[in-house]
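A short worksheet on the structure shown next.
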Amino acid sequence: MSFPLLTAVAAVPAIGAIATAALPAAKRTAAKWLALLFSLATFALALVVAFRFDPGAKGPFQLTESHAWISDFGVRYELGVDGIAVALIALTTLLIPFIILAGWHDADPLEEATPNRRWRPTQGFFALILAVEAMVVLSFEATDVFLFYIFFEAMLIPMYFLIGGFGDRAGGDGEEQAAGRRSYAAVKFLLYNLAGGLIMLAAVIGLYAVTADQLGSGTFSLQQIVEARTAGKLDIGTGTERLLFLGFFFAFAVKAPLWPLHTWLPGAMGESTAPVAVLITAVVDKVGTFAMLRFCLQLFPEASSWATPAILVLALISVLYGALLAVAQRDIKRLIAYASISHFGFIILGIFAMTSQGQSGATLYMVNHGISTAALMLVAGFLISRRGSRLIADYGGVQKVAPVLAGTFLIGGLATLSLPGLAPFVSEFLVLVGTFSRYPVIGIIATLGIVLAALYVLVLYQRTMTGPVRTEVRSMPDLRARELLVVAPLIALLLFLGVYPKPLTDLVNPAVGHTLSVVDKKDPKPTVQVDAGPGGGRAGQAAHDQDREAAK
């Protein structure tokens, strides 16, 4: 294919970011529409990628692009997608237009300009969102490790300014105190992720040194490294491989976020506007779990198997810890943040269960969690903007004055707790089945996360939407046309993928099969206790063997 389609998917939002930022200060409305048009154009290109992608084709990557970049150090501009990347690119480009629509007025100038209440540059807000989109898309497309690292780290810069410069106005304190909280959350986000990135950089350099020593010339190409290992031309020593794996995994675990490296997320989501909070947890954090599948497992298969027991324990702690803290929260946005930590625990469980069901479920979970969290958080943002408070105790009886808002909030919440019939149920079910088939004890304990999810979601709905109507919410308006345009398609997707997930499973299953083959893992065979029957032990066993052969 001569047209660089993958480059175009990333270039369009990058150009949109530059064009939006360049508009004069007075052209605020034009900046919003321009950003929205560029995001829609990007989504259209992502759909072209999805339609051009053939899940049944041979080879790990399609629509590949490869050009020399820094030849002296083996760095190439290499792009390619598998089914997992296509699904996540589609998710990212789908959510960005809704994020822009939901944040339509979030960067409007404040009505009063005082020393403690500053004007907010609308153009900068939307330009930063498009810049994040471009970097996330390139992270999903990059098949050169160094190229991936650049965009993995570069996305921190626009995210830092989105958290620190365009934070939530509903904190309940004055502008000065709110600015202090935003600054703290933004710096913590940046420091945690930079620390992970620096450790990963050391591992990236180490990987290059190993390939240079054994292949004659260093390379960062994922496909070249995997092929060299498969052919026996590259043999990374056990100790070296484990150290390199830990360097990569640490960075991805911070981004994911995995307990105990999660503490930056509640503050970042709590102090951000609702659209930026969705950008963090539904888009940016997915890069971490995606990279575990693409880079950790494929570059370091032996080390991945070695570290699996410890990672499963950490993931299980994330599931339960996040859910328990969500139950205890009094802040709506922080509750959703801790719920996301629990959900990312499920995703990592599925990845490192090393089964086809687990990894397919984990990939579906990334997509479905993005949609369900976007629906719940954006409706919560609409609710908070009306009342001016994030505290659960400040609400009550909303369903009587704003029934559509309450209904969409309920559907988003039910999707978060993985109610059957909604999209997250399928992915959570597959993760638990895949985990149980290889690690039954961990699979059983992880189901407690489902019970706790039902508790925090239903208690949240009960305290905010039911009961007597509080005086402060009596005049609360229902969802407006723009807000319905944001929420309705997300709910429709949750329903569609809940009853018909086949398009997604057909897309990701070949990529999952390739990953498992690289790691040299096969699904465990179920064991069945067979009664020998009246024919005796040998006859009963012979009949059982015949049945197994017929089943094969």
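The first residue of the sequence shown is numbered 1, and numbering continues consecutively from there.
Considering CZ of Arg390 and CD1 of Ile332, their distance stands at 9.5 Å, rounded to 0.5 Å. Note that CG of Leu95 and CZ of Phe43 are 9.5 Å apart. Values are rounded to the nearest 0.5 Å. Here CD1 of Ile317 is found 12.0 Å from CG of Leu324. Values are rounded to the nearest 0.5 Å. Taking CD1 of Ile348 as the start and OG1 of Thr435 as the end, the distance is 12.0 Å to the nearest 0.5 Å. A distance of 14.0 Å separates CD1 of Ile450 from CG of Leu455, quoted to the nearest 0.5 Å. One distance of note links CD1 of Ile84 with CG of Leu507; it measures 9.0 Å at 0.5 Å rounding.
Applying the side-chain hydrogen bond (donor to acceptor under 3.5 Å, both in side chains) rule to Glu428 yields the partners Tyr365, Ser418; only residues at least two apart in sequence or on another chain are considered. Applying the salt bridge (charged side-chain N to carboxylate O under 4.0 Å, His left out) criterion to Glu241, with sequence neighbours excluded, gives Arg229. With sequence neighbours excluded, the residues forming a side-chain hydrogen bond (donor to acceptor under 3.5 Å, both in side chains) with Lys502 are Asp506, listed by chain and number. Taking Thr240 as the reference, nothing meets the side-chain hydrogen bond (donor to acceptor under 3.5 Å, both in side chains) condition, with sequence neighbours excluded. Shown here are the side-chain hydrogen bond (donor to acceptor under 3.5 Å, both in side chains) partners of Ser221, two or more places apart in sequence or in another chain: Glu78.
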Using side chain to side chain donor-acceptor pair (under 3.5 Å), reason through Gln357 and Ser437 one step at a time and then give a plain yes or no. CA-CA 9 Å; Gln357 301 99 325; Ser437 64; 4.8 Å; no
Steps toward side-chain contact (heavy atoms from CB on, under 4.5 Å) verdict (Leu494, Leu490): CA-CA 6 Å; Leu494 289 173; Leu490 296 176; 5.6 Å; no
Please evaluate residues Leu190 and Ile163 with respect to the criterion side-chain contact (heavy atoms from CB on, under 4.5 Å), reporting the C-alpha separation (whole Å), side-chain torsions for both, the decisive distance (0.1 Å), and the verdict. CA-CA 10 Å; Leu190 187 64; Ile163 297 169; over 6 Å; no
side-chain contact (heavy atoms from CB on, under 4.5 Å), that's the test. Do Thr143 and Thr64 meet it? Break it down for me. CA-CA 9 Å; Thr143 58; Thr64 56; over 6 Å; no
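With respect to Asp144 and Arg76, no salt bridge is recorded, no charged nitrogen being found less than 4.0 Å from a carboxylate O. A salt bridge is defined here as a Lys NZ or Arg NE, NH1 or NH2 lying under 4.0 Å from an Asp or Glu carboxylate O, and Lys188 with Glu271 fails to meet this definition.
What you find for Ala274 and Gly381 is that their closest heavy atoms are CB-CA, 3.6 Å. For the residue pair Gly197 and Glu153, the shortest heavy atom distance occurs at CA-OE2, 3.4 Å. Minimum interatomic distance between Leu63 and Leu6 (heavy atoms only, all atoms of both residues): O-CD1, 3.2 Å. Between Glu133 and Thr42, the closest heavy-atom pair is OE2-CG2, 3.4 Å. Here the closest heavy-atom approach between residue Met354 and residue Ser304 is recorded as CE-CB, 4.0 Å.
Formation of a donor-acceptor pair under 3.5 Å by the His514 side chain with backbone atoms of Pro510 is not found in this model. Ser318 contributes a side-chain N or O that, together with a main-chain N or O of Trp259, makes up a donor-acceptor pair within less than 3.5 Å.
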May I have the list of side-chain donor-acceptor pairs in residues 290-302 shorter than 3.5 Å, sequence neighbours left out?
unit_1: Arg294; atom_1: NH1; unit_2: Phe140; atom_2: O; d: 3.0
unit_1: Arg294; atom_1: NH1; unit_2: Ala142; atom_2: O; d: 3.0
unit_1: Glu302; atom_1: OE2; unit_2: Arg242; atom_2: NH2; d: 2.8

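Separation of the Tyr77 and Trp69 ring centroids does not fall under the 6.0 Å cut-off. For Tyr208 and Phe220, the ring centers are positioned less than 6.0 Å apart. Between His262 and Tyr321, a ring centre-to-centre spacing shorter than 6.0 Å is recorded.
Neither side chain, Thr373 nor Thr281, offers a donor N or O lying under 3.5 Å from an acceptor on the other.
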